[in-house]
Enquirer: 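The structure's right below; bear with me while I get my questions together.
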2 protein chains.
Amino acid sequence: MEYMNTASTSAPPSPVSASAEEPRWLTDDEQRVWRAYIDASTLLEDHLDRQLQRDAGMPHVYYGLLVKLAESPRRRLRMTELAMYAKITRSRLSHAIARLEKNGWVRREDCPDDKRGQFAVLTDAGMEVLRETAPGHVAAVRQAMFDRLTTEQQKALGEIMRIVAEGLQPSEAGADLPWLR
Amino acid sequence: MEYMNTASTSAPPSPVSASAEEPRWLTDDEQRVWRAYIDASTLLEDHLDRQLQRDAGMPHVYYGLLVKLAESPRRRLRMTELAMYAKITRSRLSHAIARLEKNGWVRREDCPDDKRGQFAVLTDAGMEVLRETAPGHVAAVRQAMFDRLTTEQQKALGEIMRIVAEGLQPSEAGADLPWLR
DNA sequence: CCGCGGTAGTTAAAATTTCAAGGAGAGCTC
DNA sequence: GAGCTCTCCTTGAAATTTTAACTACCGCGG
């Protein structure tokens with residue numbers, strides 16, 4: 001039995017609507033690509049989670065949040081903005097920041113302009129954790145991915161992932177300008 | 001500030017041990033590739049989780065477990081074996097199977113040869129869920145990935161992900177033959 | 001047969017994520 | 001300026017995952 005192809009029924013009634021027809025199953029080649037992708041991404045995320053949990057005391061996503069803050073002007077970002085950059089829900093971010101706050105790596109600050117708003121601010125302690133753990137993390141990423149790929153492969157991967165990400169972007173740049181789409 | 005590059009200190013003391021030196025930070029190009037990868041994989045996993053949660057009542061990993069069982073002889077697999085194929089821990093699998101068992105999609109069976117062993121067996125109901133939801137899932141995967149990539153890109157992606165997965169494989173084939181490595 | 005180290009799988013508890021609601025303020029309209 | 005809608009963010013509870021034991025059993029060497 002093939003991946004995701006669990007039906008081996010005969011020809012569909014008639015090609016009218018697109019949803020009720022015999023679906024276009026993945027070809028063998030496509031299946032292999034898909035499985036390779038799923039396997040690699042699962043293993044990689046797991047690997048980085050363990051590496052960072054061990055060396056930095058936090059999962060990969062949380063580390064990514066600190067990095068984004070570190071890159072931002074005044075080391076701060078509005079919650080919603082940070083959530084968008086990190087591609088996670090605001091709810092998830094709320095919980096995550098609460099945890100990072102307990103660690104003393106992030107601090108919340110009220111937004112003066114909008115009383116609903118909150119800034120997440122990277123503290124000096126948070127900065128310090130990054131400084132200490134960044135080298136190990138880069139090494140892990142290199143070892144797991146970049147050291148194993150040719151320059152061409154790296155380039156291709158970048159292009160491919162950009163395309164995929166674009167297609168899944170909740171609505172891309174101009175999310176606040178829905179009338180333009 | 002660059003991704004993962006939080007230290008802008010000057011030259012390191014002296015290149016002696018490999019761990020204490022100035023780390024090889026990611027180049028700008030590498031950073032872009034890495035971010036694209038993280039963004040895309042995050043968005044994609046999230047997308048598929050939601051699609052399957054909505055249409056099949058389970059997260060993507062669980063769906064993958066049912067698929068692996070469906071592909072296996074007699075629709076069954078030893079717990080440890082299933083965990084390896086799915087790239088998850090045995091603990092996680094235990095919980096997952098418990099949940100799928102409650103849904104009636106999987107059943108546990110004792111292994112006759114090894115009294116410690118358990119088989120996870122796909123039930124008819126589980127088979128039926130797959131049959132009903134596979135088309136929608138394939139469509140989602142196509143729309144998110146394959147429909148957007150050229151044949152060359154698909155091929156490249158497969159090769160790249162195979163390489164990455166191989167490098168992270170706990171110990172690859174022959175894991176039970178450590179003296180061969 | 002006994003003891004011992006290793007394997008298969010489970011489980012409780014803690015951490016994280018998801019899901020569904022909700023509180024509070026912004027911004028617009030009449 | 002009251003009402004309405006939408007946005008920002010949080011929260012509690014449920015679901016899932018992680019972590020660290022823990023039980024039962026296999027297999028080997030004595």
Side-chain angles (χ1 to χ4, degrees), chain A residues 42 45-54 56-65 76-84 86-103 106 108-121 170-171 175-179, chain B residues 42 45-54 56-65 76-84 86-103 106 108-121 170-171 175-179:
Chain A
T42 303
E45 187 56 23
D46 198 64
H47 183 66
L48 296 182
D49 266 342
R50 287 181 201 291
Q51 186 267 314
L52 284 171
Q53 191 66 59
R54 172 166 52 77
M58 67 189 123
H60 190 205
V61 197
Y62 289 26
Y63 182 88
L65 296 176
R76 74 194 53 209
L77 236 30
R78 286 287 294 270
M79 293 293 282
T80 297
E81 210 172 352
L82 179 50
M84 287 199 306
K87 270 88 184 142
I88 64 178
T89 63
R90 275 175 296 189
S91 172
R92 186 175 177 183
L93 180 63
S94 267
H95 290 298
I97 292 293
R99 197 274 219 184
L100 292 171
E101 212 171 11
K102 270 188 202 160
N103 284 283
V106 168
R108 283 185 222 248
E109 249 180 59
D110 293 338
C111 176
D113 308 328
D114 187 335
K115 285 178 185 167
R116 297 165 303 177
Q118 288 278 104
F119 281 108
V121 186
S171 43
D176 17 89
L177 309 176
W179 58 86
Chain B
T42 303
E45 187 56 21
D46 198 62
H47 183 66
L48 296 182
D49 266 342
R50 287 180 201 290
Q51 185 266 314
L52 284 170
Q53 192 65 60
R54 172 167 52 79
M58 70 189 120
H60 189 205
V61 196
Y62 290 25
Y63 183 88
L65 296 175
R76 75 193 52 209
L77 235 29
R78 284 289 291 271
M79 293 295 281
T80 296
E81 210 172 350
L82 180 50
M84 288 199 305
K87 270 84 184 151
I88 63 177
T89 63
R90 275 175 295 188
S91 172
R92 186 176 176 182
L93 180 63
S94 267
H95 291 298
I97 293 295
R99 197 274 219 185
L100 292 171
E101 212 172 11
K102 269 187 203 160
N103 285 282
V106 168
R108 281 184 223 248
E109 248 180 59
D110 292 339
C111 174
D113 309 328
D114 188 336
K115 283 177 189 168
R116 297 165 302 177
Q118 287 278 103
F119 281 108
V121 186
S171 43
D176 17 89
L177 308 176
W179 57 85

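All chains are named by letter (A, B, ...) in the order of the sequence lines, taking the proteins before the strands, and each is independently numbered beginning at 1.
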Enquirer: Please name all residues satisfying side chain to side chain donor-acceptor pair (under 3.5 Å) with B/Asp110, sequence neighbours left out, ordered by chain then number.
Expert: none
Enquirer: Which part of the nucleic acid, if any, lies within reach of B/Tyr62 when heavy atoms closer than 4.0 Å are counted: base, sugar-phosphate only, or nothing?
Expert: sugar-phosphate
Enquirer: Distances for protein N/O vs nucleotides 23-25 of chain C N/O pairs under 3.5 angstrom?
Expert:
residue: C/dG25; atom: N2; partner: A/Arg116; partner atom: NH1; Å: 2.9

Enquirer: For residues 89-98 of chain B, which side-chain N or O atoms pair as donor and acceptor with protein atoms under 3.5 Å away, sequence neighbours left out?
Expert:
residue: B/Thr89; atom: OG1; partner: B/Arg92; partner atom: N; Å: 3.1

Enquirer: Go through DNA chain D in 5' to 3' direction and return only the first and the last nucleotide with some atom under 4.0 Å of chain B's heavy atoms.
Expert: D/dT16 to D/dC26
Enquirer: Would A/Leu100 and A/Met58 count as a side-chain contact (heavy atoms from CB on, under 4.5 Å) here? Give the steps.
Expert: CA-CA 9 Å; A/Leu100 292 171; A/Met58 67 189 123; 4.2 Å; yes
Enquirer: Both A/Gln53 and A/Thr80 contact DNA chain D. Taking the nearest nucleotide for each, which residue is further toward the 5' end?
Expert: A/Thr80
Enquirer: Is the closest side-chain heavy-atom distance between A/Leu65 and A/Ile88 below 4.5 Å?
Expert: yes
Enquirer: Tell me: NE2 of A/His60 to C1' of C/dA15, nearest whole Å?
Expert: 18 Å
Enquirer: Round to a whole Å and report the spacing from CG of B/Asp49 to C1' of C/dC19.
Expert: 13 Å
Enquirer: Among residues at least two apart in sequence or on other chains, which ones pass side-chain contact (heavy atoms from CB on, under 4.5 Å) with A/Glu45?
Expert: A/Asp49, A/His60
Enquirer: Regarding B/Arg54, tell me which of base, sugar-phosphate or nothing describes its non-hydrogen contacts under 4.0 Å with the strands shown.
Expert: nothing
Enquirer: Please report the interatomic distance CZ(B/Phe119) to CZ(B/Arg76), rounded to the nearest 0.5 Å.
Expert: 6.5 Å
Enquirer: Taking all atoms of both residues into account, what is the closest heavy-atom pair of B/Val106 and B/Ala120, and its distance?
Expert: CG1-CB, 4.2 Å
Enquirer: So, taking the atom named CD in A/Gln118 and the one named OG1 in A/Thr80, what distance separates them when rounded to the nearest 0.5 Å?
Expert: 10.5 Å
Enquirer: Can you list, in residue-number order, the parts of residues 87-98 of chain B that come under 4.0 Å of DNA chain D, counting heavy atoms only?
Expert: B/Ser91, B/Arg92, B/His95
Enquirer: Check side chain to side chain donor-acceptor pair (under 3.5 Å) between B/Asp114 and all other residues, then give those that pass, not counting sequence neighbours.
Expert: B/Arg116
Enquirer: Once you apply a heavy-atom cut-off of 4.0 Å, does B/Arg108 come out as touching a base, just sugar-phosphate, or nothing?
Expert: sugar-phosphate
Enquirer: Taking the axis from the first five pairs and the axis from the last five, what angle separates them in the helix from C/dC1-D/dG30 to C/dC30-D/dG1, rounded to 10 degrees?
Expert: 10°
Enquirer: Just verifying a value: how many Å separate B/Gln53 CD and B/Leu48 CG, rounded to the nearest 0.5 Å?
Expert: 12.5 Å
Enquirer: List in chain and number order the residues that pass salt bridge (charged side-chain N to carboxylate O under 4.0 Å, His left out) with A/Glu101, two or more places apart in sequence or in another chain; answer none if no residue qualifies.
Expert: A/Arg108
Enquirer: Once you round it to whole Å, what is the distance between C1' of C/dG9 and CD of B/Glu109?
Expert: 16 Å
Enquirer: Would you please name every residue forming a salt bridge (charged side-chain N to carboxylate O under 4.0 Å, His left out) with B/Arg99, sequence neighbours left out?
Expert: none
Enquirer: List in chain and number order the residues that pass side chain to side chain donor-acceptor pair (under 3.5 Å) with A/Arg78, two or more places apart in sequence or in another chain; answer none if no residue qualifies.
Expert: none
